[in-house]
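A short write-up of the structure that comes next.
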Amino acid sequence: MVSISIKNILHDKTRFIITVIGTSLIVSLILFNIGMIIGTITQNTRYVKSVDADLWVIEEDEDFYSFSKLPTSMIDSINTIDDVDLVSGLMIQEYRLKHNGYKSEKISMIGYNISNHIGGPSTLISGKHISNDFEIIIDHKFAQENNLKINNNISITDPKTDVDFDFWIVGLSESRSLRGDYGFMSYDAAQSISPLVNITNFILIQTNNPKQVRDDIYNIINGVDVLTTGMIVDEITSFWLGVMGSGNIFMCVIAIIIGIIIAGITLYTATIEKRKEYGVLKAIGARNRYIYKSIIFQSLTIMICAFIVAILVSQLLSLIFTIFVSKMEILLNLIIYFFVFMITLMIGILSSLIAIKRVVKIDPLIVFQE
Amino acid sequence: MTILKLRNLVKIFGTDHTAIKAVDDISLDLKKGEIILISGPSGSGKTTLLSMIGCLLSPTSGDIIIDKENITKYPQKKLWKIRLNRIGFIFQQFNLLQSLTARENVQIPLQLTRNKKNYIKKKAEELLRELGLEKRISHLPKELSGGEKQRVSIARALINKPDIILADEPTANLDSKSGHIVIEMTKKLVKKHGCAMIMVTHDHRIEDIADRILFMEDGKIWTN
């Protein structure tokens, strides 16, 4: 059966190649869209996942991307709760960095406690970690785009006093997200240049008993939400799925339908052309099951070839895309390839159904027709 | 030994006033090794009769008994097995699969019975050699002459060692020389393999190969 199926589809090489190219573009589109969704979620949750905190305290009804404002005195209140091992404030404020009279694009500077490193950068591309209030770390792509380098002296203007604070770039991190680039500075430095006085954006907690601590915070403090890192990750994931998920999923569904149509038309046409041959097979004793398998095998052969081409095309597409849209990350890993491979096989099986339906109707008596 | 018995076989197409009796009360015995030639004008019911014997068409009434097995009432699901194991077809149009080589075409019936690859290949090549096609084994049908295509078709019909070979105008698309070669080879192989053959033809030049010649007209069979 295998040899008959292979020979059948390769008999018309031009049609085979055109179908493989067509379906491979469809599969590439699916791969690219899924890669874009997963890449965006991965990129935008990377920082939160890297923060070594069990609980995040944020202003009630706010989320990671909104402007949570909590009094800094709350840090001391939380510190009094039993089972709390460590409490740290975390600031995230947007600034422009000034260097040699040039103002950079906006960057979200994360102020974290440099003594315990909670909330600090997880991956340094080069340089060192911050050791005092005058050192900062910025995203390496942001640095490249704004012509900033390690050891450059930059300044940030305090919006309250209009006074410039000087900092040294000591490290370059991997901290780009679709919402913007992240830089890092000490929590104290972030507090001193913040337009908000005695306000922190988040409070991070390390504890061995997160459930109890969470309940205790809700008992003694009003107007806050206490979330686990997983809950924040879920929130961010939902946000990005809401922003781009439906569009990308819609594109994938359209691509799947077009894929089924392309492969389906090819198989259907090939079946019509070879209906007498299928009739001969039936006449000499081939069961319908054998013929179905042969058609499905032909369809799967097309789809597997298309998938192999699609791997190359999607890699090339994501490379080109990330060059032109550098803030986006396309993630194509083995799990995604496996998932899309399964979708590809499903397209193959569904596209063969029309041809199979046609084959059922072929009367073996066709063999006696001229 | 009788390999095929037809008893009062009738095939009516259509119903009531549109009904046409294509085969009208035919009874026939075919013995092992026997070659029966059926001739007759177009529309006389020859192909309909062949289709019923080949389990491709159900009779309206009557019985078809192949080697003591009455297959008349068999469901389609069971008939494929009879076609595969007990019947070999030779067609006027050769009906070879265009994308397969001569050997691959011959192999098909054996592949359907799930034999071992090497055995299938050996068997197909053996038959093609017997039919003088040893140099055409790897050729596609489009690279073969009409006579060669028909010989490939004969090899395909014989490879499963069927009890009955059904040939529908096997020489109609061949010149007289090729037709003669094909018929001589067919006769030789049918006798050698011990099967029986029913051949439908208009070609009077091949009448001498038959053990019996029957004439068919208006769905009825007459002995010459």
Side-chain angles (χ1 to χ4, degrees), chain A residues 1-17 19-20 266-267 269-299 301-302 305 355-357 359-370, chain B residues 42 46-52 54-58 76-101 103-114 117 120-121 140-142 153 156-157 159-160 162 166-169 172-173 200:
Chain A
M1 183 189 73
V2 174
S3 64
I4 292 180
S5 307
I6 297 273
K7 295 228 169 183
N8 238 342
I9 45 168
L10 291 180
H11 191 57
D12 189 339
K13 287 189 183 69
T14 313
R15 179 162 56 194
F16 173 72
I17 290 167
T19 312
V20 167
T266 304
L267 288 166
T269 320
T271 308
I272 295 283
E273 281 173 12
K274 290 188 180 290
R275 70 183 194 285
K276 191 160 187 186
E277 293 194 359
Y278 285 116
V280 172
L281 283 173
K282 283 186 175 186
I284 62 179
R287 298 168 84 173
N288 273 337
R289 203 167 55 192
Y290 176 88
I291 297 170
Y292 302 160
K293 277 187 194 167
S294 162
I295 291 173
I296 290 172
F297 190 84
Q298 288 176 53
S299 178
T301 307
I302 290 172
C305 293
I356 286 174
K357 210 177 161 195
V359 160
V360 176
K361 291 182 185 163
I362 295 173
D363 188 338
L365 274 176
I366 195 172
V367 291
F368 291 119
Q369 288 170 11
E370 283 184 29
Chain B
S42 295
K46 303 185 298 291
T47 304
T48 305
L49 179 66
L50 221 54
S51 304
M52 286 191 288
C55 308
L56 297 170
L57 193 64
S58 313
Q76 274 302 322
K77 278 180 185 171
K78 222 170 164 185
L79 290 176
W80 70 265
K81 213 167 187 174
I82 304 279
R83 288 203 294 270
L84 181 59
N85 297 319
R86 317 204 75 160
I87 295 165
F89 287 98
I90 300 170
F91 305 105
Q92 180 182 342
Q93 302 285 329
F94 322 125
N95 285 342
L96 301 177
L97 271 59
Q98 296 304 310
S99 54
L100 304 186
T101 63
R103 178 172 53 75
E104 288 163 341
N105 265 291
V106 175
Q107 285 178 176
I108 297 171
L110 272 187
Q111 279 173 343
L112 295 171
T113 50
R114 292 184 184 172
K117 234 176 178 179
I120 296 173
K121 196 177 164 192
L140 291 171
K142 65 179 177 193
S153 169
R156 182 179 64 187
I159 197 162
N160 261 3
L166 301 173
D168 180 37
E169 305 269 10
N173 283 335
V200 162

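Order of the sequence lines sets the chain letters (A, B, ...), proteins ahead of strands, with each chain counted from 1.
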Check whether [X] gets within reach of chain A through its side chain, its backbone, both or neither, counting any heavy atom under 4.5 Å.
X: B:E169; answer: neither
X: B:I108; answer: side chain
X: B:I87; answer: neither
X: B:L97; answer: both
X: B:N95; answer: both

| task | Using atom types as modelled and distance alone, determine if a side-chain donor or acceptor of A:S299 lies under 3.5 Å from a backbone N or O of A:I295. | result | no
| message | Taking B:Q92's backbone N and O only, do any of them form a donor-acceptor pair with B:N173's side chain (distance below 3.5 Å, no angle check)? | response |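 Side chain of B:N173 to backbone of B:Q92: a pair is present.
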| message | Using 0.5 Å steps for rounding, measure from the CG atom of A:L10 to the CD atom of A:Q298. | response |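 A:L10 atom CG to A:Q298 atom CD measures 9.5 Å (nearest 0.5 Å).
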| note | One should read off an interatomic distance between B:K46 NZ and A:F368 CZ, to the nearest 0.5 angstrom, of 12.0 Å
| request: Measure across A:V360 and A:K282 and return the closest heavy-atom pair with its distance rounded to 0.1 Å. | output: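 Taking A:V360 first and A:K282 second, the nearest heavy atoms are O-NZ, 3.3 Å.
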